Structures are given as C-alpha cells and as structure tokens.
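A note on names: the letters A, B, ... follow the listed sequences, proteins ahead of strands, and every chain is numbered from 1. Values reported hereafter were calculated over all heavy atoms of this structure, with side chains retained and with hydrogens, waters and symmetry mates removed. None of these values were measured; they are calculated from a predicted model.
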Amino acid sequence: MSLMDSLAAGFSLVGNFEAFFMLFVGLVVGVVAGAIPGLSATMAVALTLPFTFAMTPINAILLLLGVYKGGIFGGSIPAILIKTPGTPASSATILDGHPMAERGEAGRALGMALYASCTADAVSNLALILFAGWLASFALNFGPPEFFALILFSLTIIAGVSGESLLRGALSALAGLLLATIGLDLVYGTNRFTFGNPNMMGGLNFIAVLIGLFAIPEIINMAWNPMAHLGRTRALGKSRCSWADYKNSFKAIIRGSMIGVFLGSIPGIGAAPSAFLSYSEARRTSKNKENFGKGEIEGVAASEAGNNGVAGATLIPLLALGVPGDVITAIIIGAFMVHGLQPGPMMFVLNVDIIYGLFIGLIVSSVFLLIVGSVAIRGFRFVADVPKRILMPGVLILCIYGVFAVNNNIFDVGVMFVMGWVGYIMMRNRIPAAPFLIAFILGPLLEDNFRQAMLMSGSDPSILFRGPITWFFWFLTFVTVFAITRSTLRKKVPLS
Amino acid sequence: MSEKTLHLRLGIFTCLVALFLIFYAIPSFVFSPSNVGNIILSPLFWPYVLAGLTVIVGLGLLANALTSAKDTPFEDDETVHPEGSAPWMRLGALAVIMVLVMVGLPTLGMVWTAMLAFAACAFLFRTRHPVAAVVCAVIVPLLLYAFFAHVAGVAIPQGNFVRLP
C-alpha cells in the first residue's frame, strides 16, 4: 500500500464528525481530570476505557488519546494555581509557575503553559509519524527470541517508574509478574493458581486490576484523610501571555520538545524526568538563569514543553513494537486489545488504516488542545470547586459500572476491590503501582515468547542470542542494568 | 516510618511470601502434566523463576535495611497520616461498604446498590454538601445505567426487587 493509499484509508476512518468529536471530548475530559488534583491523567484514561466498549476501535483510541494528552496539559493548571501538580509530570511547572501566580501573573503562566504544550505536542506527533513506521518495518523481522529480548529490555522500564526506590519498584514488578501467571497455562492448558474457580481460568481481568490499582486507592485514601485535598486557589490576574513571551521562549520550547521526544520514545522514562531535564537545560542556557525558580516564564515553557513532548513519542514503541512507553500507554495497549487489535509491527500491515487514522487524529489533537486549554484556563475555578468528597463516591460508582461492563461479571468487581486494597497498601508502603501494571501486561508476553523460543530450539537457550537484533537488545538491557546499579550505589554512598 | 524500617518490614514479608510460594503455593496450585520432560517448558518453571527472583529482591531489601546508616522518617509522614482512631474506623467502614456492594449487586441490583454506596461514601467522607450528595447518589447511578444498558448494551444486574426499564 502506498503512502497516499494509507492516508486515504486513514481519512476514510476518521473523516467524520464522530471521530473528531470523540477526540475533542477526550481532550475535555483529560484537561478537567488533569486539573483536579488526585484525579491523574492515568486514572482518567483508566476510567474512560469502559465507555469505549461500544465504540469503533478508532473512535475509542482517539477518545483515550485525547484524555491522555488533555490530562498531561490539565495537570499544569493546579500546579500553577494551587501549587499542587495535577499529574506528576507537572511537578517541574510549579517551580516557576506558582511564583508567577503569587505575583498575579497566573494568566500569563497558564497561557505560556498552553502554547508550549501545544507546540511540543505537535513536534511529538510529527516524530511519531516519522519514526513509528520505520521502526515497525524493522521489527517485522522479529521472532520469539527477538521479542523475548525486547520485552526483557522493556522491563527495565520499571527503573524509570520506580520512583524513590528501585528495590520497591522491583518488588512491585515481581508482584505484577506473579499475578499475571494466574489462569490456564499458555502451552499445556493446566491450571495455575486458579483455586478451582472458573472465573480465574482466563487470568485476572486487566481492567479490573488497572482500575483497582489506580482509582480505588485514591478513594480509600479519601476515607483515610478526607481533608488532604484542601488548598488555596490563586486568581488568574490581568496579565496574559504575549507573542513576545512566546518568541523569547521559543528556543526553550523546541529544545524541551526534542528532549520530550527523545526520552518519550525510550520505554519507561516518562514525562516527569523529561520535564525536569528540559527545565534544567533551559536554566543552564538562559540569559535570565538567576530568575529561574522565582517566576521565570521561560521555566514554565521549558517544563511544559518537556512533559508534553513525551505524549506522542511514547506511542512510538507502543505502535511499532507493541511495548508501552509509560504507564498510560500500558493502559492504551489494554484498550487496543479490548478492541481486538494487537499493537506492534503487524499492525502496520494488517490495520494500516487505523494507524494512519490515529496519525491524522493526533495532528488535529494539537489544535483541539489549544481550544480546549484556552477555555479550561478560564474555567478552572469551577473545576477546582467540585467537592472532592462528592466526586470520589462518583468515581467509585463509575469504577463499579465500568469494571462490570467488561465481561458482565460481578467477580471482576470483587477483583477490582481487592486490587484497590492491594494498591492502597502499596501506596502506604511507598511501593509504586506503575511497575506492577507494566509487569502485569508484559509478563505473559515475556513468558509466551520465551517458551515459544524454547519450543523452536528444542530447549536450547542459545536461541535467545541468535542474531544481531537479540544482541542489540541484550546489550541495551545490560547497559541499562549497569547504569541503574551504578546510580543506585552512587545515591547510597554520596561522594562528598 | 523511616526507609530503614520500611525496607526491613518489606524484606521480611517478601522473603516469607517467596518461601510460601516455593514450598506450598506453587506445588499445590500449579499443575503440570506428568509427561513434561523438560523443566524449562513446564508450567511450573515460570512461577518458580519469579519466586526465586522474589527471594532475591526480599534479601536485597533486608540488606539495604541492615546496611543503611540513616534512620530518618519520611518527610511527609505527619501530613499524610492523621493521628487517632477515626481514620482506621473510616477505612473499616469503607471495607464494609465494599463487601456490602458485592452482596448487594446480585440481590438489590447495580443501580440501587450504587445509590446506597454513593450516599454511604459521601457521608463517610464527611461531605459538606449533604443535599448535593444525595441528589448525585440518585442521578449518577441512573445516568450510568442509562448509558451502559441502553447505549453500550451491557446487561446491568437488575436485582430481585425493583427492575428498571
């Protein structure tokens, strides 16, 4: 199929009101959810997923991508106005955004956050379109040993999402891998940890585990401390972001977008490190470096460009290799599967219309984000005023309906509640939930490809090192593990 | 709680769980056909590998706790965790609500159970808007029912008492 044919096929899928409407709705939902502290972009994507079951795959994925992109931008609004990041990725925005809000320039900071986000989003989408297809054509040569090596490398993502302790991240990942073994064995069809319950033979439902881990702990946390969310909202002020502000920060925005694209395309690094790296690079090279941390608009631009530059790039490994770039794309992989699609190189052969439809939708999403974001900045006060002690029971009910709707099975609701308490205990013990989810998704793929490789070779493990592709991924894995070990040891033994 | 204490507790717990898996759970609840000649292809192989890795991580946590010199508590402990027994009571009450939801779903139906659960949670969280909470408790489950039952075509449980159209 030529490029024009592929584009035409993509247009035929998304060239209708419904597809763009879903994208728009997704952005609105994402911005609102991102703007409410405690309702992260991750939770918003997870809660939106059940609403997509009745939709066509392209509309469903566009809706979820809208929520993802909207959520990342939305997180900057409370970061600037109430010094509480709506998403972890917005933490860097606080450094200069909130001091600006304190001196009555919240409108200017939010405006810059929006323009930087939209620019970075467009750059990131362009990178996705340019690189995903190329990477997928390369990945078409992969067999089970190559996929095993790739997924093993992808599990080093866990280092990126482990937060403050790698050991606790590894523990979380192992729990996810163990939970993924529940169900019938992939080769022999015998029971593994099913305890004779037919509901467990197909394994635990992904969406029940996902919502249980990411939404229910927030509700339980609300029961633990109902006052935790209260904060002071700053007014927008009269100053607005001008063309001169944008022009002066343009270099920082582009640099931040590039950093976001680069780090986003590496599985596991995510938006928060990208935002901080972009911020520190902007500070290092800026003429106004002494103003950073005191309310410098270039700092807001850099951090927002850094975190939004990741959004499109995390879809590169997702679409090309079938490997999640971060925890939200891990959820989106689940959405692909729910709709009967398997992300990865074969999708570029079998579902090229959906791929190009997504590309078109993503380009439009940057424009929609500009519109939705402008309104959201003005309307934030209403969002901030939503009483969380009514919102959280609503989220609980939404979780119950959504999880039940996956398989029409009350057992899944029970799984969600149990996973919610597991997630809460993990939260209280500072064990990150993201490695658990990523390992839960990648675990069966890792085992499946390992056993297929062993069957191919008559149990000869040398097949796992059979050619340059596997060597490449083994090399990356060893380099990553070495780098992680070294940085962990350095943290433990300060050089001073 | 300090990181040292946390890692000590987690390390002990992880090692115990791993030993439980290796010596009881995997032999009892993972079934392998008797004719599997090669252990690598056996359904038991992967769970044993993971249990082994769990032991290593558990020992790593213990080693980290025992060799760590610092014993300073986490910075946000006091702000995140209020004192007194009330938070524990609320956690217990929420657990009871979840159990009742599981019981209520097949008997009362999803809509009525959701309404009761919504109201119970809102009051448990000490809402300052009781009227709005009750109104939302009625409207939200009905709207969700309308969407899932009539748009998404999901067979929402109706219960044994009052059935909705």
Any side-chain heavy-atom pair of Phe417(A) and Val99(B) under 4.5 Å: no
Checking His7(B) against Arg168(A) for the side-chain contact (heavy atoms from CB on, under 4.5 Å) test, could you report, in this order, the C-alpha distance in whole Å, the side-chain angles of both residues, the deciding distance, and whether it holds? CA-CA 8 Å; His7(B) 280 194; Arg168(A) 296 203 294 273; 2.7 Å; yes
Do Tyr145(B) and Tyr401(A) have side chains that get closer than 4.5 Å, going by heavy atoms? yes
Which residues pass the ring pair (Phe, Tyr, Trp, His ring centres under 6.0 Å) test with Phe45(B), not counting sequence neighbours? Phe450(A)
Between Leu91(B), Val151(B), Ile97(B), Leu44(B), who has the most heavy-atom pairs with chain A when the cutoff is under 4.5 Å? Leu91(B)
Are Phe53(A) and Phe148(B) close enough that their ring centers fall under 6.0 Å? no
Could you have a look at Val187(A), Ile220(A), Leu396(A) and say which one has the most heavy-atom pairs with chain B under 4.5 angstrom? Ile220(A)
Side-chain heavy atoms of Trp46(B) within contact of Thr181(A), under 4.5 Å: yes
Flag yes if more than 12 heavy atoms outside Met201(A) fall under 6.0 Å of its CE atom; otherwise flag no. yes
Can you give me the closest heavy-atom contact between Glu3(B) and Ser165(A), atom names plus distance? OE2-CB, 4.3 Å
Heavy atoms of other groups near Tyr24(B) OH, more than 12 under 6.0 Å: no
Residue part contacting chain B, namely of Pro50(A), when any heavy atom lies under 4.5 Å: both
Of the options Ser32(B), Ser42(B), Pro43(B), Pro33(B), which is the one that meets Asp185(A) in a side-chain contact (heavy atoms from CB on, under 4.5 Å)? Pro43(B)
Do you know which of Ile40(B), Val17(B), Leu41(B) has the most heavy-atom pairs under 4.5 Å to chain A? Leu41(B)
Between atom CH2 of Trp224(A) and atom CG of Leu94(B), what is the distance when rounded to the nearest 0.5 Å? 12.5 Å
Counting heavy-atom pairs closer than 4.5 Å to chain B, which one of Asn408(A), Leu171(A), Leu455(A), Asn191(A) comes out on top? Asn191(A)
Which one of Pro141(B), Gly153(B), Ala117(B), Gly60(B) has the most heavy-atom pairs closer than 4.5 Å to chain A? Pro141(B)
Can you say whether Ala137(B) sits under 4.5 Å from chain A via the side chain, the backbone, both, or neither, judging by heavy atoms? neither
To the nearest 0.5 Å, atom CG of Leu6(B) lies from atom CG of Asn429(A) at 5.5 Å
Taking the side chain as every heavy atom from C-beta outward, state whether Met98(B) and Ile216(A) have any atom pair closer than 4.5 Å. yes
Quick one: CD1 on Ile39(B) to OG on Ser459(A), what's the gap to the nearest 0.5 Å? 10.5 Å
Residues of residues 105-114 of chain B near chain A, each having a heavy atom less than 4.5 Å away: Leu105(B), Pro106(B), Met110(B), Val111(B), Ala114(B)
I need the Leu167(A) CG to Thr14(B) OG1 distance, nearest 0.5 Å. 9.5 Å
Which heavy atom of Ile390(A) sits nearest to which heavy atom of Ala133(B), and what is that distance? CD1-N, 3.7 Å
Interatomic spacing from SG in Cys136(B) to CG in Leu391(A) - rounded to 0.5 Å: 9.5 Å
Would you check if Leu21(B) and Phe193(A) make a side-chain contact, meaning some heavy-atom pair closer than 4.5 Å? yes
Relative to chain A, which of Ser28(B), Gly11(B), Ala95(B), Ala119(B) shows the most heavy atom pairs under 4.5 Å? Ala95(B)
Please look at Ala120(B) and chain A and tell me whether the side chain, the backbone, both or neither of the residue comes under 4.5 angstrom of a heavy atom of that chain. neither
Can you check whether Met392(A) reaches Phe125(B) side chain to side chain, under 4.5 Å on heavy atoms? yes
For the pair Arg389(A) (side chain) and Arg126(B) (backbone), establish whether a donor and an acceptor sit closer than 3.5 Å, ignoring hydrogens and angles. yes
Give, for atom CE of Met115(B) and atom CD1 of Ile397(A), the distance between the pair rounded to the nearest 0.5 Å. 10.0 Å
Taking every non-hydrogen atom, the tightest pair across Leu398(A) and Leu144(B): CD1-CD2, 3.5 Å
Any side-chain heavy-atom pair from Arg192(A) and Pro47(B) closer than 4.5 angstrom? yes
